[in-house]
Amino acid sequence: MNEDALTFLSQQHPYDELPAGVLQDIAERVEKISVAEGSQIYDLGSKLDGLYIVQSGLVSVRDGSDTQVSLLERGNSFGERGLLADGIAVTSAQAVRDTLLICLPAALFKSLREEQSPFQRFFARAGKHENTLKPQQTTLAQVTVEELMVHDPFTCSADTTVLEAAQMMTEKRISCLCITEGQSLKGIVTLRDLVGKALAEGMANSTAIAQIMTPAPRTLPPTAIGSDVLHMMMEYRLGHLPIVATDRLVGIVTQTDLTRFQATSAAGLVADAARADTPELLAKVTARIPELLVQLIASGNRHDVVTRMITDVADVVTRRLLALAEAELGPPPARYLWLACGSQGRQEQTGVSDQDNCLILDDSVDEDGIAYFAKFAKIVSDGLDRCGYVYCPGDMMATNPRWCQPLSVWREYFAGWINSPSKEAQMLASVMFDLRPIGGDATLFDGLQKDTLKAASGNSIFTAHMASNSLTHQTPLGLLRGLATISSGDHRKTIDTKLNGVVPVVDLGRMYALQGQLPDVNTRARLKAALASKITSAKGGRDLLEAYDLVAQTRLEHQARLIKQGKSPDNYLPPDSLSDFERSHLRDAFVVIKTMQSALMQGRGLMG
């Protein structure tokens, strides 16, 4: 039995949700393949042997126009789109550096898709663009009408005049009005009614809207699903469908809402971003991210799937901006690597994200080259800001000369932080230990990450300082089993689900990665790797993973609610908006996180 493959796959989604016997059978049937740097894994149009999973290394996937559509790291898989297209590769794949792959035979892949629901859901995006993550594609059958509809639609009374209705629709830029009596729906009038009835028949402007409305229109309840809307619209040729709950008008769904929903998918955004040739067009793509977040949460996706899909869009946008910068300035004078840190580096972006990035340059770069990359970084960073990834308040960006340096300088940086762990050094190390290559020559990062993890884990003074620094973010626990809210300011009576919820776990995950020299950057992956490597106890690790899932999920659901209300997403959750059951479980999650923080400080539970 291939124990190494079993251990690795048990830490990857969706394999972590498969029955133990099924997972063991998979581990015994997979094949390990070593691919040298620069070697082709398969060509466009070739016969595929199976599904490939990256165990280590880096893989570039390119489409028929030789455009890179994915840069795949540890845990990412590729090839399924071709497997479901008669087993013929619809992309090409090449090892960017020495890579170890696990190949899942084609027949086994097919049987798992047919028989195992976690596998089925995960690979439900068959036929779409290959991407750095292969999560399920959200469909109208997976979302309720309540998630689709516009809440509290504009209404008028039956005695409103045709002229007043037309003026209201023009002012509000809407295509219909619901006619109500109190909260009860009596009818609906559309722009087509105004033109085809009132205007075409020469009715007076003072005509009551009741004369041209459609009385007792067809409706659906908010508990219906999206496909119900589509089918009713198709059957009865409707463009607008009021949503009614217990005789009360609560919303409306239009054909435009359906079109917008179907156009908003991670694959669609990635494809549009890959084709965009100006920052303005890229900004139009990223403007759809809030809708994507709402859609993914409404479809029941787990927080780490949602954030990775959102981060995938940011990665593609960044790579397009890198290409646009090269097109504007000419070929780069030296090898470079653009890296993301922060939430993008960890693949944990939500609806609220700034930019954190840096540039590693080849040591051969000269002064003219440094000047080139200064302009290069400004073009990319300005483009990211235009796309909604605002400038980092702490100036942790490649536009800062400090973070645009040759590889040898970066090695000096990390060595200095580890050997002299001042407060600033701890802060900088915390950010830079979350680096992830985005575009350029990824080999510039290979030795740096490995050597830094080794040096950091071997310096007990540095790790002690880092452990202490990681405990600066406390969970919002109050007295008497309550939640401690912010006491003053704009966010009074809320809890910060980022700073006091997610960040404490991010810090713990980073510490576990340092102690175990774990290459993972994503927080959830770090927690699972720490559990598998026995850096945490079995119970402590599982409890922390579940606590993190609850806090991170609650944060995203809060952001989705704000977006649906037409507000900007934020991290400030009023506990009063939760049920007693939800508050109790959230507090329990914070207790687990605090317990693991205490264990870290006492130096015992990393083994719990």
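Judged by distance alone, the side chains of Asn571 and His558 never bring a donor and an acceptor atom under 3.5 Å apart. Gln355 and Ser381 form a side-chain donor-acceptor contact under 3.5 Å, judged by distance and modelled atom types alone.
Note on Arg510 versus Asp434: salt bridge recorded, some NZ/NE/NH1/NH2 to OD/OE distance being below 4.0 Å. Between Glu348 and Arg526, no side-chain nitrogen of the basic residue sits less than 4.0 Å from a carboxylate oxygen of the acidic one, so the salt-bridge criterion is not met. A salt bridge links Arg436 to Asp315: at least one charged side-chain nitrogen sits closer than 4.0 Å to a carboxylate oxygen. The existence of a salt bridge linking Asp451 and Lys454 is excluded, since no basic side-chain nitrogen approaches an acidic carboxylate oxygen closer than 4.0 Å.
For Arg583, the salt bridge (charged side-chain N to carboxylate O under 4.0 Å, His left out) criterion is met by Asp580, not counting sequence neighbours.
With values rounded to the nearest 0.5 angstrom, Thr494 atom OG1 is found 11.5 Å from Leu483 atom CG. Rounded to the nearest 0.5 angstrom, Leu545 CG and Arg524 CZ are separated by 4.5 Å. Separation of atoms CG (Leu321) and CZ (Phe376) is listed at 9.5 Å; rounding is to 0.5 Å.
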Please tabulate, for side-chain N and O atoms in residues 386-399, each donor-acceptor pair with protein atoms closer than 3.5 Å (sequence neighbours left out).
{"residue": "Arg386", "atom": "NH1", "partner": "Glu280", "partner atom": "OE2", "Å": "2.5"}
{"residue": "Tyr391", "atom": "OH", "partner": "Asp382", "partner atom": "OD1", "Å": "2.7"}
{"residue": "Asp395", "atom": "OD2", "partner": "Asn400", "partner atom": "ND2", "Å": "3.2"}

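Checked against Tyr548 for a side-chain contact (heavy atoms from CB on, under 4.5 Å), the options Asp543, Ile593, Val592, Thr523 give a single hit: Thr523.
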